[in-house]
Amino acid sequence: MDTHTLSHTSRGTFKLLAALLMLTATTFLTGCKENISEDDYAVAKKQNVIQYLESQPEEYSMILKLFSEVKLGLSDNASTIESVLKARGNYTVFAPTNEAMQTLLHDELGKQSIDEMTDLQKRMVVYNCIIDNGTESAYELSDFPSDGTTFNYATIDDRRLTSQQDKDGEYYVNLTSHVISPNHEASNGIVHAVDHVIYPSSQSVPEIIAQADNMRIMAQLFKETGWKDSLRTRTTEEDAYVRDNQSNIGVKTVYPGISGNFAYMPKRRIRYTVFVEPDEVLHRDWGIPMPQYDAQNETITNWAEIREALLSKCEQVTGITDHHDDITNTDNALNRFLAYHIINGGAPLNGLVAHYNEYRYNVGNNPAVPQTRNLPINVWDYYTTMGPHRALLKVTQVGGEQHPDYPFYINRISQYDNSFRGTYDEISALPDNTPTNGLNIRISESNELTAEDGTKESFSTNALNGYYYPIDHVLVNSPETQAALGGERIRIDFTTMHPEFLSNDLRITGEQVHFPKGYFQNISHESSNTAITYLHSKTYGGAPGWKDGQGDEILVTGTYDFVMKMPPVPADGTYEIRMGVANNRARSMVQIYFDDKPFPSTPTSLPIDQREFVRDWDPNLWVKDEKNNYDEATCREGDRALHNLGYMKGPKYYCVNGTEGKTTVRDYFDESQNYFFPNMRYIITRQFLQKDKTYYMRFKCAVESSTSQFFLDYFEYCPASVYGSVTGEDVW
């Protein structure tokens, strides 16, 4: 099998199969009814997607032929796409016209007819013209992103398509597919005619970077350092996961102590996110020579000069001079420079931060699809870069009325209105951007090259195994970068610590799933009784009252015991390591161990009881700010008392679901309840940590109970300069 083609059974695949099974069951059960309601008859009268396309054979006969041949999934007895698109559902179909199909065959594939296409080529066409919207309505044209961002739902090939509106108001999907006839409503979805087949790249991220005429330096660097091979596509491994777990996929499990069914995780995609400086940026910021490109031989004729200039600059800025003559060595400064551009885990840019319950944010009318048009404050997440010299990279989306386009930045260090009664508006972003400090670097959603005559050429940023994004300044893990990130409180969501959440769109979809043993590369030593599940408030329709950061959580059940590889700290120093907790009577006692060994054996303290509230010890330990009349001195005195016992209130930054960003988790507790307790932070340990060391945390159930629950949400690395500051740490 060609490993550069996409042949995954995706989330959409399994939802489509479920829809088909439901249709079959419904047909069998209702066939015996004597009375058929008028509503049922009305739905039956409307054409389904296939019937609509069949009514215009002169336009759609070729794609219909593919629909009848291509099967859904990998099994031999899988249903055809034609059968699926006759079933109930909400499908967005970008139907290529016969002319569009002919263009693909003749101009792009070098074929004369559909019959000459390979099975994988047929699947690429069919799978990528269909989005399964699940329980949500199919996309009308008015729902399309207009700014080049991606649709919330992926195609059934698990590819996320972009949408762009041009100056004339016309929409283009994935840069080239012009929507020429939109909004044809069917009983089970909406059909949009396009004049170009949607045929996403089957190449890797480094390979599509190499196709961009403005990124020749970074493309060559990927090749010469060996990182191009490290980021190869791994379709066979991903297919192997589906085949190995075929009997479990689609099965839902009820775990003792948790309400609701958890579906077996249906896929394990491997993706990457890469940030790339165009040639002009390297030339402008660092004085790197512009590449002289020999198109006939596809070589950079002055590469030796460029490589030496890059290496010299990297060594100068970082102070690293190891293995100067070998850029394939991961200790080499240039190799480490490139590794700092790569995140293990791939997502569209708007998937690198999560909007759900930050302060003053209103999720909108549909909590399953949070609105993105009114973002009051900054939202950020931290990611671990690749290579043996792991480092932290911060992605921020800037909110507020002063930034109506809500731009994305890397390593933006902001000053906020973070006083006790503040608004958390960004006041400024410091330090100012300079060519060498690796801070405050703006990310572009798309890659466009403007020629001297003013014409623009767009290059795809969407690869088979991830995405790349152009940046406007040089990204480097300099001492200034390390000091800046190491000087602020670092709050890391559990989902960004594990690339599987990013690569499989779990934060975006909010699916409620459970994972087989060994699913996560950063979780090891799982006991046989460890069950890991993911919950998101989206699954419960917005679930008013949830106090989780970003609306989601990990729930581990059983007599669990597992080890988690922690993200690195950005700079050497003393840190408090904290975790967000939402205790209740269904939780358990947990013993936590922390060390720089893969199986830590040093306990951080006595076992922690997640079944209790600090008020169980003393009713005056946790008091609402409201009851203290929001008097700052009194409230902060209460905070210090909690801190001395190893606890903190939850941050003011997060709000309770269903309160439109008004009720913060810091000050929320239903006094009438004696079961669900407030969101808090538990101080796990305070230690001196080194940026070049890898640390591990072990969580072991301290009670023998199959219904034990252990809650994971977010972690904090808080440096001594913050928690020990004269003014005190802010409440946010």
Side-chain angles (χ1 to χ4, degrees), residues 489-494 547-549 553-554 556 560 564 566-567 569 573-585 587-595 600-625 628 634-654 664-669 676-689 695-703 708-725 727-732:
R489 178 184 55 221
I490 298 167
R491 184 174 297 145
I492 308 178
D493 194 78
F494 183 92
K547 305 176 290 290
D548 301 4
E553 67 185 58
I554 297 296
V556 186
Y560 53 85
M564 188 164 65
M566 299 295 290
V569 293
T574 299
Y575 295 83
E576 275 188 359
I577 305 178
R578 311 160 178 169
M579 58 182 280
V581 295
N583 291 359
N584 66 51
R585 301 296 185 197
R587 306 290 196 223
S588 64
M589 292 184 70
V590 58
Q591 179 66 66
I592 301 179
Y593 305 80
F594 182 79
D595 216 328
S601 57
T602 305
T604 58
S605 65
L606 294 172
I608 306 159
D609 198 338
Q610 288 197 330
R611 300 169 298 185
E612 63 182 9
F613 181 23
V614 292
R615 274 195 184 177
D616 294 344
W617 314 335
D618 183 338
N620 297 314
L621 274 175
W622 192 99
V623 179
K624 280 188 176 185
D625 293 348
N628 288 324
T634 305
C635 292
R636 285 193 173 274
E637 183 61 33
D639 290 347
R640 283 190 287 271
L642 278 175
H643 196 274
N644 290 338
L645 292 170
Y647 281 91
M648 300 174 66
K649 282 188 171 185
K652 190 176 179 180
Y653 179 83
Y654 291 130
T664 72
V665 300
R666 170 182 167 82
D667 209 32
Y668 175 80
F669 178 52
F676 297 104
F677 305 133
N679 183 303
M680 298 188 70
R681 286 170 279 181
Y682 176 73
I683 303 169
I684 297 173
T685 185
R686 182 184 292 176
Q687 291 191 21
F688 183 84
L689 304 178
Y695 296 94
Y696 300 85
M697 198 170 287
R698 178 187 174 193
F699 305 95
K700 187 177 188 299
C701 186
V703 296
S708 293
Q709 288 185 6
F710 175 51
F711 171 90
L712 285 167
D713 189 1
Y714 59 87
F715 288 83
E716 290 181 351
Y717 288 146
C718 188
S721 60
V722 174
Y723 70 75
S725 66
T727 57
E729 184 178 347
D730 68 59
V731 296
W732 296 88

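In this text, all values refer to a predicted model and were calculated from it rather than measured experimentally.
Trp732 and Pro651 get closest at one heavy-atom pair: O-CB, 3.2 Å. Taking every heavy atom of both residues into account, Tyr647 and Met680 meet most closely at CB-CE, 4.0 Å.
No side-chain donor-acceptor contact under 3.5 Å links Thr604 to the backbone of Thr685. Under a 3.5 Å cut-off, the side chain of Arg489 and the backbone N or O of Tyr723 do not form any donor-acceptor pair. Between the side chain of Asp667 and the backbone N or O of Asp625, at least one donor-acceptor pair lies under 3.5 Å. Formation of a donor-acceptor pair under 3.5 Å by the Asn583 side chain with backbone atoms of Glu612 is found in this model. Under the 3.5 Å distance criterion, the side-chain polar atoms of Arg615 are matched with a main-chain donor or acceptor of Trp622. The closest donor-acceptor contact from the side chain of Asn644 to the backbone of Ala641 lies at 3.5 Å or more, if one exists at all. Side-chain atoms of Arg578 never come within 3.5 Å of backbone atoms of Tyr682 as a donor-acceptor pair (strictly under, hydrogens ignored). Asn679 contributes a side-chain N or O that, together with a main-chain N or O of Lys547, makes up a donor-acceptor pair within less than 3.5 Å. In terms of modelled atom types and a separation under 3.5 Å, the side chain of Arg611 and the main chain of Asn584 share no donor-acceptor contact.
Below 30°, between 30° and 60°, or above 60°: for Phe710 and Tyr560 the angle between ring planes is below 30°, a parallel geometry.
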